[in-house]
Amino acid sequence: MQGLVSFLKGLGASRLMAMVAVTAALIGFFGFVIMRVTTPQLTTLYTDLSFEDSSAIIKDLDRQAIPYEIRNDGAVIMVPKDKVTRLRMKLAEGGLPKGGGVGYEIFDKSDALGTTSFVQNINHLRALEGELARTIRAIDRIQAARVHLVLPERPLFSRETPEPSASIVVRVRGALEAQQIRAIRHLVASAVNGLKPQRVSIVDEAGQLLADGAGSSTDVDNTIADERRAGFEKRIRNEVEAIVSSVVGAGRARVQLSADFDYNKVTQTSDKFDPEGRVLRSSQTREESSQTADNTGQVTVNNELPGNQNNNNAANARDQSKKTEETNNYEISRTTKTEVTEAGRVNRISVAVLVDGAYTKNDKGEMVYKERSKEELDRISALVRSAIGFDQKRGDQVEVVNLKFAEAPAVPPLAEPTGLLGMLQFTKDDVMYVIELGVMMLLSLVVLFMVIRPLVKRILASEEVASLTGNNLPALTDDSAENLIPNANATAQLIDVAQVQGQVHAQSVHRVGELAERHPNETATIVRQWLGEQQQPA
């Protein structure tokens with residue numbers, strides 16, 4: 001301990017402080033590097049969290065003693081990558097995240113005995129709104145959603161029931177397509193009893209009206225018709241482009257298609273009568289008969305008495321008549337035909353196909369453009385007609401033109417490596433982690449060789465210079481020239497110790513010169529001291 005204390009006292013206050021500062025800097029730097037390298041890699045656990053969900057998740061992470069990091073004002077939580085899956089399953093078991101709203105779990109802890117029907121109805125409405133908001137947030141591009149439902153009750157003694165309505169406020173990334181907006185309206189309308197899609201209003205976070213809740217069914221039909229036309233054109237265009245690209249090559253064909261639709265709904269009824277197809281419907285027959293007797297026109301009492309005995313009764317002449325009537329009703333054969341032509345008939349299709357030419361190599365190995373022949377274009381045109389269902393009576397048009405494209409043909413994508421190379425593929429996180437380790441190692445080397453090494457050399461060099469300029473330095477005279485070389489050798493050994501690398505020079509004179517170049521001030525002082533000693537009288 002006494003030797004250590006004497007060594008520290010011999011270093012001096014300035015060199016001791018410098019050594020302490022260098023040691024502290026080294027410990028701090030390498031401690032930071034070690035902590036940064038050993039820190040587990042963090043990845044996203046959840047994004048777009050509400051304050052309630054973020055608070056509940058952080059509380060659960062603190063209870064499990066799992067390190068985490070909060071970003072974007074609590075909306076994003078980062079956790080170690082190897083624990084993401086287990087944490088998500090564990091949090092899902094506890095019902096987290098809830099999505100910033102209340103769903104049907106509101107009935108899990110409710111007291112049914114002390115709850116009135118009014119409170120139950122309000123809770124049911126809140127649960128329905130919360131569940132719809134969660135479902136809407138699951139759609140792509142939608143960050144948050146809030147749903148308001150109006151479910152009016154039927155008044156007493158009223159024959160009409162008020163229609164329910166809904167209003168939705170969404171926060172989106174980018175812009176929603178018309179098909180997505182229509183899907184949201186039908187989703188909400190199907191989940192609420194009696195709600196029509198026309199009664200659903202949608203507004204974004206900027207206050208822009210995406211869907212009008214007071215719209216009529218005509219607007220909805222027009223939107224559906226436009227989407228149907230766009231979908232038909234896209235499907236036919238993809239089919240034509242696929243079949244043409246298989247002939248001319250991928251990326252060397254452009255197809256544009258326009259379809260004219262008739263959205264008028266036509267109902268036609270026709271009656272057809274067949275006179276040859278008679279059918280007996282009813283038949284009626286009527287027969288009448290009458291008979292009259294001739295009594296010579298005498299009216300007597302005897303004739304009027306019943307059972308009169310008139311032996312002179314002879315066969316008198318009688319008048320008889322008979323009448324028969326027959327009525328037959330026939331039904332003529334009749335055919336009634338009703339035809340309903342729905343809206344959306346295709347009146348005409350126009351197709352424009354632009355194909356690139358062929359590229360061949362000349363004798364110099366250069367790519368040369370070559371136009372396609374007329375026969376090849378006619379074959380492509382025949383394929384397009386067959387693909388679209390060409391109908392000349394309908395007025396369809398197909399035009400195939402061969403022109404040189406402005407850009408070069410697309411380069412086919414490189415095949416993905418398989419086997420061992422495919423197994424060694426790194427993800428983006430792995431690459432960033434390797435880059436981070438490389439940067440840390442590079443910084444460590446830079447600090448070690450550019451900062452620490454010069455400081456140590458300067459401290460040791462100052463100590464050697466101080467020992468050379470002290471009182472213990474032996475006096476050199478002109479008579480002791482032979483002793484100069486041994487002293488220079490001793491000085492060179494001290495310089496070798498200061499340089500750490502242990503360089504050994506062959507000539508002592510060269511070492512003295514090197515010492516003089518490194519410390520010109522101290523060298524000049526020593527020379528002046530020598531000159532002063534020589535001028536003093538003996």
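Source: prediction; values computed, not measured. Starting from 1, each residue takes its place in the sequence as its number.
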So [Y] and [X], do their side chains get closer than 4.5 Å, heavy atoms only?
X	Y	value
Arg88	Leu45	yes
Tyr359	Val368	no
Met367	Lys361	yes
Gln180	Ile142	no
Leu87	Asp60	no
Glu288	Arg286	yes
Asp62	Tyr68	yes

Side chain [X], main chain [Y], donor-acceptor under 3.5 Å:
X	Y	result
Arg348	Asp260	no
Arg141	Ala175	yes
Asp262	Arg345	no

Lys/Arg-Asp/Glu bridge criterion (N-O < 4.0 Å) met for Arg171, Glu205: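 Between Glu205 and Arg171 there is no salt bridge, as every charged N stays at least 4.0 Å from the carboxylate O atoms.
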What distance separates [X] [atom1] from [Y] [atom2], expressed to the nearest 0.5 Å?
X	Y	atom1	atom2	value
Ile243	Ile388	CD1	CD1	11.5 Å
Leu149	Glu129	CG	CD	4.5 Å
Ser55	Lys59	OG	NZ	7.5 Å
Arg379	Ser373	CZ	OG	7.5 Å

Heavy-atom neighbours of [X] [atom1] exceed 12 at 6.0 Å:
X	atom1	value
Arg237	CZ	yes
Glu325	CD	yes
Glu326	CD	yes
Arg385	CZ	yes

Considering all heavy atoms, the nearest Leu257-Val351 contact: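 That would be CD1-CG2, 3.6 Å.
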